[in-house]
K.L.:
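This structure is in structure tokens; I'll ask about it shortly.
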2 protein chains.
Amino acid sequence: MKYDDAKSKFISTWGSLGTLWGINKAMAQIHALLLISPEPLSMEDIMEELHISRGNTSMNLRQLMDWGIVFKENKIGERKEFFTSEKDVQELARQIAKERSRRELQPTIKILNDVSNIKDDGTDKTKELIKQTKALHEMAETLDIMMNKVVGQGNNWITKALVKLVK
Amino acid sequence: MKYDDAKSKFISTWGSLGTLWGINKAMAQIHALLLISPEPLSMEDIMEELHISRGNTSMNLRQLMDWGIVFKENKIGERKEFFTSEKDVQELARQIAKERSRRELQPTIKILNDVSNIKDDGTDKTKELIKQTKALHEMAETLDIMMNKVVGQGNNWITKALVKLVK
DNA sequence: TCAAACTTTCAAAAAATATTGAAAGTTTAA
DNA sequence: TTAAACTTTCAATATTTTTTGAAAGTTTGA
């Protein structure tokens with residue numbers, strides 16, 4: 001496989017993976033492109049490489065910056081803005097875990113908690129609702145801890161130990 | 001909060017969570033409904049509760065069964081089919097982890113492997129592509145192991161130990 | 001201050017995805 | 001074998017999401 005093939009294969013794979021995880025194609029592809037680009041890219045560059053419009057590029061870059069995985073960079077003497085991705089994949093994972101926890105897991109945990117705390121009126125259906133949402137609540141909290149502590153942190157010795165232990 | 005409110009809050013939360021993870025609303029809601037239902041439900045029951053069409057119900061039930069988290073059940077003397085969800089949330093998580101690994105992670109790992117093994121022609125861009133896809137490959141493999149071994153298996157002592165260790 | 005060089009916004013259009021419902025298919029019991 | 005009781009399929013439709021592109025906004029340097 002030649003460089004250009006490998007590159008486009010990677011970008012398109014990342015793009016379709018993204019949609020599978022609720023991230024839109026353009027956003028995932030921009031991220032992929034920046035991740036493998038040795039130099040920061042301008043908006044023009046990105047638009048050209050991925051054949052997407054200026055508006056689309058602008059909006060998705062903003063989202064990637066909100067996620068904390070893409071940064072603006074300024075080249076001296078250049079008016080326009082350049083963008084780079086977080087290049088350390090450990091740090092990338094940590095950031096994504098943190099944001100998904102904040103945006104999805106924590107609100108879910110809150111609701112599972114509310115729902116599982118309704119008054120037990122003694123009926124089967126109420127008992128089942130309480131039982132299952134309690135179980136989900138506990139599981140979600142465990143997941144939250146694992147995402148933030150195991151994947152996260154600079155430490156990472158836990159992950160290494162784990163992988164060794166379990167491989 | 002009363003039972004009915006709690007129930008519909010749970011179902012709608014699960015539904016919107018689903019869409020965030022690339023699972024459609026109806027599928028996630030059917031799953032939620034079955035999860036908290038003490039009795040197996042018929043297609044009629046589901047259609048009525050969730051206000052969705054027969055076709056939609058049929059297709060999404062089939063998908064849930066493909067995922068291995070919903071089962072057909074037959075009541076004696078009844079012609080129609082009834083459905084239940086996997087009720088053990090540990091087992092549910094295990095099954096979901098296994099399926100996501102198989103459908104998403106493993107194909108991705110394969111492609112990352114292919115891409116990261118292109119010939120190094122000495123250019124910066126090739127070096128960067130190889131470096132980053134190698135790093136992602138390693139990370140994806142670690143994630144795969146964790147999903148299948150840590151969340152999965154009946155063992156689960158690892159998870160418990162981990163949570164205790166890290167909480 | 002102006003205007004060139006950019007970026008952002010957002011209404012409209014396009015694309016992707018989910019849903020419906022009726023026809024076709026299947027199973028069962030008599 | 002038939003017909004009632006169900007389930008599945010799938011083309012058409014509806015809904016949601018993404019993308020576009022041009023106008024509005026911003027920043028900078030002269």
Side-chain angles (χ1 to χ4, degrees), chain A residues 11-34 39-67 70-84 103-104, chain B residues 11-34 39-67 70-84 103-104:
Chain A
I11 291 174
S12 75
T13 302
W14 219 236
S16 33
L17 243 214
T19 59
L20 222 49
W21 286 75
I23 288 151
N24 82 33
K25 199 178 66 172
M27 185 172 158
Q29 291 190 339
I30 293 171
H31 177 248
L33 177 61
L34 292 174
E39 296 295 327
L41 301 179
S42 69
M43 219 155 84
E44 290 307 326
D45 295 336
I46 296 168
M47 290 165 57
E48 248 171 57
E49 288 253 25
L50 303 178
H51 305 286
I52 57 180
S53 71
R54 187 174 298 283
N56 200 1
T57 308
S58 170
M59 285 176 130
N60 285 110
L61 277 171
R62 135 114 71 171
Q63 279 216 74
L64 286 164
M65 290 187 292
D66 287 348
W67 272 82
V70 161
F71 315 106
K72 263 187 195 161
E73 202 151 301
N74 284 71
K75 286 193 181 171
I76 42 172
E78 290 259 25
R79 176 86 146 257
K80 63 182 143 202
E81 297 173 319
F82 290 81
F83 301 88
T84 350
R103 295 170 195 223
E104 297 161 31
Chain B
I11 290 173
S12 75
T13 302
W14 217 237
S16 32
L17 245 213
T19 60
L20 220 49
W21 285 75
I23 289 152
N24 82 34
K25 201 179 63 174
M27 183 171 158
Q29 291 190 341
I30 292 171
H31 177 248
L33 177 61
L34 292 175
E39 296 295 327
L41 300 180
S42 69
M43 221 155 84
E44 286 315 319
D45 294 336
I46 296 169
M47 289 165 57
E48 246 172 61
E49 288 254 24
L50 303 177
H51 304 286
I52 57 181
S53 70
R54 187 174 297 283
N56 200 1
T57 308
S58 170
M59 283 177 132
N60 285 112
L61 276 171
R62 136 109 77 162
Q63 279 216 74
L64 286 163
M65 290 187 292
D66 287 348
W67 271 83
V70 161
F71 315 106
K72 264 188 195 159
E73 201 152 302
N74 283 72
K75 286 194 184 171
I76 42 171
E78 290 260 24
R79 176 85 147 260
K80 64 181 141 201
E81 298 173 319
F82 289 80
F83 301 88
T84 350
R103 295 170 195 224
E104 298 160 31

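Hydrogens, waters and symmetry mates are skipped; everything else that's a heavy atom, side chains included, is used. Residue numbering restarts at 1 for every chain, and letters A, B, ... go by the order of the sequence lines.
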K.L.:
For A:Lys80 and B:Met59, take the nucleotide of DNA chain C holding the closest heavy atom to each; which residue's nucleotide lies nearer the 5' end?
P.N.:
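With A:Lys80 and B:Met59 compared, the 5'-side residue is A:Lys80.
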K.L.:
What is the distance from CZ of B:Arg54 to C1' of C:dA24, rounded to the nearest Å?
P.N.:
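About 14 Å, once rounded to whole Å.
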K.L.:
Rounded to whole Å, how long is the line connecting atom CG of B:Leu50 with atom P of C:dT20?
P.N.:
11 Å
K.L.:
Which whole-number value in Å describes the distance from B:Ile46 CD1 to D:dT8 P?
P.N.:
11 Å
K.L.:
Using a 3.5 Å distance criterion without hydrogens, assess whether the side chain of B:Asp45 forms a donor-acceptor pair with backbone atoms of B:Ser42.
P.N.:
yes
K.L.:
Grab the NZ-C1' distance between A:Lys72 and D:dT26 for me, whole Å please.
P.N.:
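It is 11 Å, rounded to the nearest whole Å.
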K.L.:
Under the 3.5 Å rule, do the base of D:dT27 and the side chain of A:Arg79 count as making a donor-acceptor pair?
P.N.:
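Side chain to base: pair present.
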K.L.:
How long is the line joining CE of A:Met47 and P of D:dT19, in whole Å?
P.N.:
14 Å
K.L.:
Which nucleotide sits closest to the side chain of A:Ile52: C:dT19, D:dT20, D:dT8?
P.N.:
D:dT20
K.L.:
May I have the distance from A:Asn60 (atom CG) to D:dT20 (atom C1'), rounded to whole angstrom?
P.N.:
13 Å
K.L.:
Considering only C:dA18, D:dT8, D:dT20, which nucleotide approaches the side chain of B:Asn24 most closely?
P.N.:
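Of the options given, the side chain of B:Asn24 lies nearest C:dA18.
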K.L.:
Specify the residue among B:Ser42 and A:Ser53 whose closest nucleotide of DNA chain D lies further upstream toward the 5′ end.
P.N.:
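Going by which nucleotide is closer to the 5' end, it is B:Ser42.
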K.L.:
Has A:Arg103 got more than 12 heavy atoms of other residues, nucleotides or ligands less than 6.0 Å from its CZ?
P.N.:
yes
K.L.:
Calculate, to the nearest 0.5 Å, the distance between atoms CD1 and NE2 belonging to B:Ile23 and B:His31 respectively.
P.N.:
9.5 Å
K.L.:
Closest nucleotide of DNA chain C for A:Lys25 versus for B:Ala26: which of these residues is on the 5' side?
P.N.:
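Its nearest nucleotide being more 5', the pick is A:Lys25.
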K.L.:
What distance do A:Ile30 atom CD1 and A:Asn60 atom CG have between them, rounded to the nearest 0.5 Å?
P.N.:
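With rounding to 0.5 Å, CD1 (A:Ile30) is 4.5 Å from CG (A:Asn60).
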K.L.:
Mind calculating the distance between CE (A:Met65) and P (C:dT7) to the nearest angstrom?
P.N.:
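Taking atom P of C:dT7 as the reference, CE of A:Met65 is at 11 Å.
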K.L.:
Nearest whole angstrom, please: distance from the P of C:dT9 to the CE of A:Met43.
P.N.:
11 Å
K.L.:
To the nearest 0.5 angstrom, please state how far the CE atom of B:Met47 sits from the CG atom of B:Leu41.
P.N.:
13.0 Å
K.L.:
Considering just the side-chain nitrogens and oxygens of B:Arg62, establish if one lies under 4.0 Å of OP1 or OP2 belonging to D:dT9.
P.N.:
yes
K.L.:
May I ask you to verify if any side-chain N or O of A:Asn56 is less than 4.0 angstrom from the OP1 or OP2 atom of D:dT20?
P.N.:
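Looking at the OP1 and OP2 atoms of D:dT20, one of them is under 4.0 Å from a side-chain N or O of A:Asn56.
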